[in-house]
Amino acid sequence: EVMPTLDMALFDWTDYEDLKPEV
Amino acid sequence: ADPCHDEGGAPRGCVPGLVNAALGREALASSTCGRPATRACDASDPRRAHPAALLTSPAGSASPLCWRSDALTQAPFNVTLTVPLGKAFELVFVSLRFCSAPPASLALLKSQDHGRSWAPLGFFSSHCGLDYGRPPAAARGPAGPGPEALCFPAPQVQPDGGGLLAFSVQDGSPAGLDLDSSPVLQDWVTATDIRVVLTRPARPGDAGDVESTAPYSYSATELQVGGRCKCNGHASRCLLDAQGRLTCDCRHGTEGPDCGRCKPFYCDRPWQRATAREAHACLACSCNGHARRCRFNMELYRLSGRRSGGVCLNCRHNTAGRHCHYCREGFYRDPGRALSDRRACRACDCHPVGAAGKTCNQTTGQCPCKDGVAGLTCNRCAPGFQQSRSPVAPCVKTP
């Protein structure tokens, strides 16, 4: 089974702003 | 045929041919006749000049043939002849033909630093003790462990009234020393300049009061310095460089006027002089094509059993290590490419959310994944997991 790649748009960065990768 | 490599291309020791190293070099004399002009010698008239250049010019190429000193009327009677050879040579013999009665004493000196310092090669005198404070070579005891300047008989007057100084450079050396294996002998025969110091004129019948024969002048020609251009076994010829300086045509990964050091990238083992049996070529560092510079590390060389001591510097193409033989952090080996390929190392490209770090396994390229995350770059949830909204735990078990 091939899983879909992680969708960055689904993550909630509210509490993890400092971890958010630069796009 | 390449004298420095065998038929299979393997390096082998090579040496330039035996030449007269003084031929065509500029000879300098501390005294030369003709200034002011006399009836017999006029420095301004080529037909009557006797310049020092006649000592080292090709035989028969000029007339007159002989250099002549000024008339020496009182002691000291020292006259010095100097020939810079242009670079280091390994001498075999030195000879000088006298056009008048040869001097009763003279000294032969060499320099190894282009004339800054001088050391004797030999003395020649009918009175060694009187002139040079040393015993005649024939009366001396057993030879010492190394070469030394001995005092030999002065050249004899020949029937034509001249004489010949002939000196074999190994005359001062104990028998059995071999140039290949004896650094002492190598040093002994090495010279950049030759100097002959004519010390005492001959006086017919005796060597005592020379002033009674004054004025006296020395006269000589054909100063020959037989030797090989010194290239330490790494060149078969010497050439003029762009600046007109004589220099070895170095092989075996060596460079310098005498091939006396390894070329910058050829430092996998220490420089060594070649011998007849072993070329001791400088070896290029093994950097898999990813570095242009390297340095030698003696400790690594010893640890390798004296086989390899080169350490590559500034590995490029994301490689690292002593031989640029693995990938630097954040990159992994692409198994489909050769180690020497510019793209042999691929970026790990670990997922910024799914991976627990940026450094992957250098062999497999596998990034360290967070719980429930899978894939080479940790960019998917593992089977039985689904994406969450939390970047800290991006995959959670499917309910």
Side-chain angles (χ1 to χ4, degrees), chain A, chain B residues 317-318 320 327-337 343 345-399:
Chain A
E1 185 186 5
V2 178
M3 305 296 285
T5 57
L6 295 173
D7 185 351
M8 297 295 277
L10 291 180
F11 290 120
D12 176 6
W13 295 98
T14 306
D15 297 328
Y16 306 104
E17 201 58 41
D18 54 332
L19 297 179
K20 190 174 182 179
E22 289 182 16
V23 179
Chain B
H317 312 135
N318 304 307
C327 298
R328 71 181 176 93
E329 201 173 284
F331 292 78
Y332 69 100
R333 273 284 281 118
D334 182 342
R337 295 182 186 276
R343 288 180 287 181
C345 291
R346 297 179 65 166
C348 292
D349 199 22
C350 297
H351 196 277
V353 176
K358 293 180 178 175
T359 306
C360 60
N361 183 307
Q362 290 194 335
T363 308
T364 64
Q366 177 63 56
C367 294
C369 296
K370 291 178 181 173
D371 280 348
V373 183
L376 195 67
T377 60
C378 309
N379 63 340
R380 301 171 191 275
C381 287
F385 288 77
Q386 64 183 34
Q387 182 172 348
S388 74
R389 287 171 54 77
S390 167
V392 178
C395 298
V396 292
K397 271 197 169 159
T398 306

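No experiment lies behind these values; they were computed from the predicted model shown. Just so it is clear: chains get the letters A, B, ... in the order the sequence lines come, proteins before strands, and each one is counted from 1.
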List for me each residue that meets side chain to side chain contact (heavy atoms under 4.5 Å, CB included) alongside Arg328(B), sequence neighbours excluded, and say none if there are none.
-> Asn318(B), Ala320(B), Phe331(B)
Could you tell me whether Asp371(B) atom CG has more than 12 heavy atoms of other residues or ligands within 6.0 Å of it?
-> no
Name the member of Pro394(B), Cys378(B), Gly375(B) that forms the most heavy-atom pairs with chain A at distances under 4.5 Å.
-> Pro394(B)
For Cys381(B) and Met3(A), the nearest pair of non-hydrogen atoms, with its separation, is O-CG, 2.8 Å
Would you indicate whether Arg343(B), at its atom CZ, is surrounded by more than 12 heavy atoms from other residues, nucleotides or ligands within a distance under 6.0 Å?
-> no
Contacting region of Cys395(B) [heavy-atom separation from chain A under 4.5 Å] | side chain
Under 4.5 Å from any heavy atom of chain A - which part of Ala382(B) = backbone
Please confirm whether the backbone N or O of Asp12(A) pairs with a side-chain atom of Arg389(B), one donor and one acceptor, at under 3.5 Å?
-> no
For Asp15(A), what residues pass the side chain to side chain contact (heavy atoms under 4.5 Å, CB included) criterion, not counting sequence neighbours?
-> none
Within 6.0 Å of NZ in Lys358(B), more than 12 heavy atoms from elsewhere = no
Do Gln387(B) side-chain atoms and Leu10(A) backbone N/O form a donor-acceptor pair below 3.5 Å?
-> no
